[in-house]
Amino acid sequence: MSVSPRSVLNNESPATDPNWWRQAAVYQIYPRSFYDANGDGLGDLKGITAKIPYLKDLGLDALWLSPFYPSELADGGYDVADYRNVDPKLGTLEDFYTMTEAIHAAGMKLIVDIVPNHSSDQHAWFQEALASDKGSAARARYIFRDGSGEHGELPPSDWTSIFGGPAWTRVPDGQWYLHLFASEQPDFNWENREIRDDFLRTLRFWSDRGVDGFRIDVAHALSKDLSEPLPPQAELRRLESLHNGSNPLWDRDAVHGIYAEWRALFNEYTPPRTAVAEAWVDPSRRARYASPDGLGQAFNFDLLMADFEADAFASIVTKNLAESAATGASSTWVFSNHDVVRHATRYGLPARTGADGNQDGKAWLLAGGHEAELDRELGLRRARAATLFMLGLPGSAYLYQGEELGLHEVAGIPDADRQDPAFFRNAGVEVGRDGCRVPLPWTPAGESFGFGDAPAHLPQPGWFAGLAVSAQDAAGDSTLNLYRVALAQRRRLQTVEELEWIPNDNPQVLHFARPNGWNVVANFGGTAVKLPAGDVVVSSVPLRDGKLPANATAWLA
Ligand code: GLC
């Protein structure tokens with residue numbers, strides 16, 4: 001079965017190719033935890049520039065940077081105080097230009113994160129809103145309401161924030177403002193033309209400075225229907241489950257009007273600027289975000305939510321390729337990012353397949369107690385197999401810094417060192433996302449395993465030593481070298497977007513072929529299996545007697 005009719009063979013140079021993103025291997029950098037060039041314990045832009053040879057050598061097509069804008073770091077930078085500047089803790093605009101030039105000179109593209117649903121409470125506009133009267137134009141940029149109760153002493157509704165606790169915070173004159181995330185992240189009022197124009201200005205600002213694409217944070221939240229009476233939380237949940245755009249806060253059809261304006265702006269550039277939506281919506285609602293009239297691509301988190309299981313992987317791939325063929329976007333694949341437990345760890349924990357067949361809970365939580373259940377070796381082995389399977393698929397592959405080292409989630413970070421608002425607003429329930437944001441180990445020894453000359457801003461565990469970049473460089477079987485070989489082969493083989501499933505009689509084995517003779521075989525089962533004829537170009541673990549061992553993937557070409 002060939003599920004994608006689209007072929008994107010083209011001879012354009014990568015600099016002008018409008019399709020560069022369709023099958024790109026994109027690497028997410030979490031700047032504060034990547035490499036610290038100035039020795040203050042926080043990663044920075046100069047640190048990224050310094051490591052471009054490493055990134056180029058890894059074989060990446062594009063880098064996506066999580067926010068580097070001025071921020072109080074109430075939510076790791078997703079609380080932006082100034083959208084058109086660089087956080088002085090991370091560098092300067094000058095450093096940004098130097099970095100961008102170096103990325104381009106290395107033949108890679110640059111994608112930056114845009115956070116449009118909310119600003120930081122330190123943003124000049126929010127400070128102005130606080131200093132202004134009820135009903136003022138300054139307050140109309142955000143979502144202010146009078147409270148309920150006799151004297152307005154209760155929030156306007158019982159809504160809870162994504163990170164826990166109430167979604168409304170009261171200001172000194174008695175009004176309340178809405179924040180779907182932390183209280184330091186007030187939601188913008190996207191009904192206000194000034195907000196729309198300001199974001200167009202921001203997109204133009206970065207596009208003019210050489211940015212090739214944008215990752216749009218919580219892309220499904222911008223449009224809201226806040227007409228009174230506000231429905232209670234229980235009703236929100238019910239409406240959300242209908243997946244028909246009727247929830248007043250999330251995934252409303254009106255949001256696509258915003259992205260149509262963005263698309264017009266993107267298309268003014270050559271090649272057009274690209275965008276990928278972070279929209280945690282029902283798969284049936286994803287297509288409009290990925291439409292060529294909208295953002296053009298949307299993250300598909302289906303594989304990330306699935307257990308390591310042949311059936312689940314096969315049906316997710318088939319569904320998503322069919323969907324992307326219908327919209328004209330290309331599929332996106334991702335196992336790890338800065339919001340979820342690293343996939344080497346997820347796959348080493350007992351499967352948590354619920355009635356809905358996903359491991360949502362495990363992806364978001366790693367309560368301290370789970371460390372005892374973790375089979376580290378199995379987790380990493382499956383992660384390598386899953387990654388090799390995913391890198392063989394048509395579409396773009398999004399990788400998260402540190403997964404190329406086979407890093408596990410860092411468990412047991414002391415409470416006093418935690419930074420994630422999800423931990424503070426949900427004390428005792430969620431440990432939060434700090435465990436996947438611990439600064440990378442570059443060398444087996446040194447102050448912070450070569451991350452910088454100062455202690456890292458989140459504590460690194462002792463086991464980082466053996467996984468450091470320089471420790472893996474020379475080891476032929478290291479995860480780092482597996483990624484390098486796979487990405488190099490992928491660049492050679494990834495030409496057309498078609499995929500064909502090849503039937504086999506083992507339900508634990510998935511086999512697909514690409515029209516150019518590239519075959520991918522993944523063994524999700526517990527015993528070694530025979531491989532089809534062909535030259536093995538890479539395998540996630542060494543073959544045994546010519547067979548593909550358990551929990552492993554091989555490419556033949
Ligand atoms: C997105 C980001 C996450 C952040 C949230 C609020 O989900 O990926 O890190 O906390 O938006 O901006």
Side-chain angles (χ1 to χ4, degrees), residues 26-34 64-83 87 111-123 126 142-143 159-165 167 169 177-188 190 199 202 214-222 224 249-251 255 275-281 286 289 295 297-301 304-305 332 334-342 360 363-365 398-402 409 418-426 430-438 458:
V26 184
Y27 180 91
Q28 179 189 357
I29 292 181
Y30 193 71
R32 287 169 186 77
S33 301
F34 185 67
W64 148 32
L65 264 55
S66 278
F68 50 81
Y69 314 109
S71 171
E72 292 299 301
L73 304 185
D75 182 20
Y78 285 88
D79 48 319
V80 178
D82 177 355
Y83 288 85
D87 192 329
I111 295 170
V112 302
D113 225 304
I114 295 291
V115 189
N117 178 63
H118 45 263
S119 71
S120 157
D121 61 351
Q122 302 304 309
H123 192 289
F126 193 72
Y142 292 90
I143 300 170
W159 298 346
T160 51
S161 100
I162 296 291
F163 295 148
T169 289
Y177 66 90
L178 180 70
H179 50 89
L180 294 184
F181 293 88
S183 55
E184 296 88 348
Q185 294 169 294
D187 281 41
F188 278 123
W190 274 86
F199 272 90
T202 294
F214 300 94
R215 178 262 188 191
I216 312 304
D217 190 66
V218 278
H220 54 314
L222 279 47
K224 300 180 178 79
L249 300 181
W250 302 98
D251 190 28
V255 79
V276 55
E278 185 222 20
W280 290 85
V281 297
R286 203 151 49 210
Y289 294 89
L295 295 175
Q297 203 178 42
F299 282 124
N300 133 38
F301 294 116
L304 180 153
M305 309 275 268
T332 58
V334 53
F335 285 121
S336 281
N337 63 34
H338 66 296
D339 287 332
V340 298
V341 168
R342 286 186 177 277
D360 190 18
W364 284 88
L365 309 173
Y398 286 83
L399 309 170
Y400 176 52
Q401 70 177 38
E409 187 80 359
R418 293 222 171 251
Q419 299 177 7
D420 186 356
F423 170 74
F424 297 109
R425 295 182 63 90
N426 241 322
E430 274 196 40
V431 293
R433 301 160 295 176
D434 295 314
C436 63
R437 299 172 176 183
V438 175
L458 278 169

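Atoms considered below: every heavy atom in the structure, side chains included; atoms not considered: hydrogens, waters and symmetry mates. Along the sequence shown, residues are numbered consecutively beginning with 1. Ligands are counted one by one from 1 in listed order, and the atoms in each one are counted from 1 as well.
The shortest N or O to N or O distance between R433 and ligand 1 is below 3.5 Å.
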message: Quick one, S120 with Y69, criterion side chain to side chain donor-acceptor pair (under 3.5 Å). Give me CA distance, side-chain angles, the key distance, then yes/no.
response: CA-CA 11 Å; S120 157; Y69 314 109; over 6 Å; no
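Ring geometry for H338 versus W64: interplanar angle over 60°, hence perpendicular rather than tilted (30 to 60°). Aromatic ring orientation, H123 versus Y83: tilted (interplanar angle from 30° to 60°). Using the six-membered ring where Trp is involved, W250 and H220 have ring planes that are tilted, between 30° and 60° apart.
Each of the atoms 9 (O) of ligand 1 lies under 4.0 Å from some heavy atom of R437. Atoms of ligand 1 found under 4.0 Å from any heavy atom of R215, numbered from 1 in the order shown, are 2 (C), 8 (O). Proximity to H118 (heavy-atom distance under 4.0 Å) selects the following atoms of ligand 1: 6 (C), 12 (O). Residue F163 has at least one heavy-atom neighbour below 4.0 Å for each of these atoms of ligand 1: 10 (O). Atoms of ligand 1 lying under 4.0 Å from at least one heavy atom of E278, given by number and element, are 1 (C), 7 (O), 8 (O).
Ligand 1 does not have W280 within reach: every non-hydrogen atom of the residue lies 4.0 Å or more from it.
Aromatic ring centres of W190 and F199: separated by under 6.0 Å.
Taking 4.0 Å as the cut-off between side-chain N and carboxylate O, D339 and R437 count as a salt-bridged pair.
Of the candidates D420, V80, D339, D75, the one placing a heavy atom closest to atom 8 (O) of ligand 1 is D339.
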